[in-house]
Amino acid sequence: MLTGCVEVQQAVDNTARQGAKGVVAETLATRFPQVPKELITPFTDCIIDNSTAVEIREYARAAVIGVEETTVTTVRNVLSRSETVQCLQTNALQSGIT
């Protein structure tokens, strides 16, 4: 029974993360024009990977009601974390953009 609960939770988490990726990509594209277009997807992955469960829920909420200033602030906060910065730098270097 516990295994079933874990599988359901993982499915819910994966669904939320997929919806969150769309919101984060939209937020980067529309609110962070300094992010090169070719880096939006890798940057989105870095942001999602370094977001807490609460932040993922914020993105999922924004997927339903639209991007608000709260969403932008959440993305900005995650972008400022050292782990996110390292991920962004790695992706920029791998793409040849520095």
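Each residue takes its place number in the sequence, starting with 1. Bear in mind that the values here come from a model prediction, so they are computed numbers and not experimental data.
Considering SG of C87 and CD1 of I48, their distance stands at 11.5 Å, rounded to 0.5 Å. Atom CG of residue L88 and atom CZ of residue R81 lie 12.0 Å apart, to the nearest 0.5 angstrom. In this structure, E83 CD and C46 SG are separated by 11.5 Å, a value rounded to the nearest 0.5 Å. Going from atom OG1 of T74 over to atom CZ of R57 covers 12.0 Å, rounded to the nearest 0.5 Å. Rounded to the nearest 0.5 Å, atoms OG1 (T71) and OH (Y59) are 8.5 Å apart. Annotation: the span from Q34 atom CD to L39 atom CG amounts to 12.0 Å, rounded to 0.5 Å.
Between V23 and A62, the shortest heavy-atom distance links the atoms CG1-CB, 3.7 Å. Among all heavy-atom pairs drawn from R31 and V72, the shortest one is NH1-CG2, 3.1 Å. For the residue pair I47 and L79, the shortest heavy atom distance occurs at CD1-CD2, 3.7 Å.
Counting heavy atoms from C-beta outward, V75 and E55 have side chains that stay 4.5 Å or more apart. Within the 4.5 Å cutoff, no side-chain heavy atoms of I40 are placed close to those of F32. In this structure the side chain of D45 reaches within 4.5 angstrom of the side chain of K21, judged on heavy atoms. Contact of the E68 side chain with the R61 side chain is registered, since non-hydrogen atoms from C-beta on lie closer than 4.5 Å.
A donor-acceptor contact shorter than 3.5 Å is absent between the side chain of Q89 and the backbone of Q86.
Residues that satisfy the side-chain contact (heavy atoms from CB on, under 4.5 Å) test with V64, not counting sequence neighbours, are absent from this structure.
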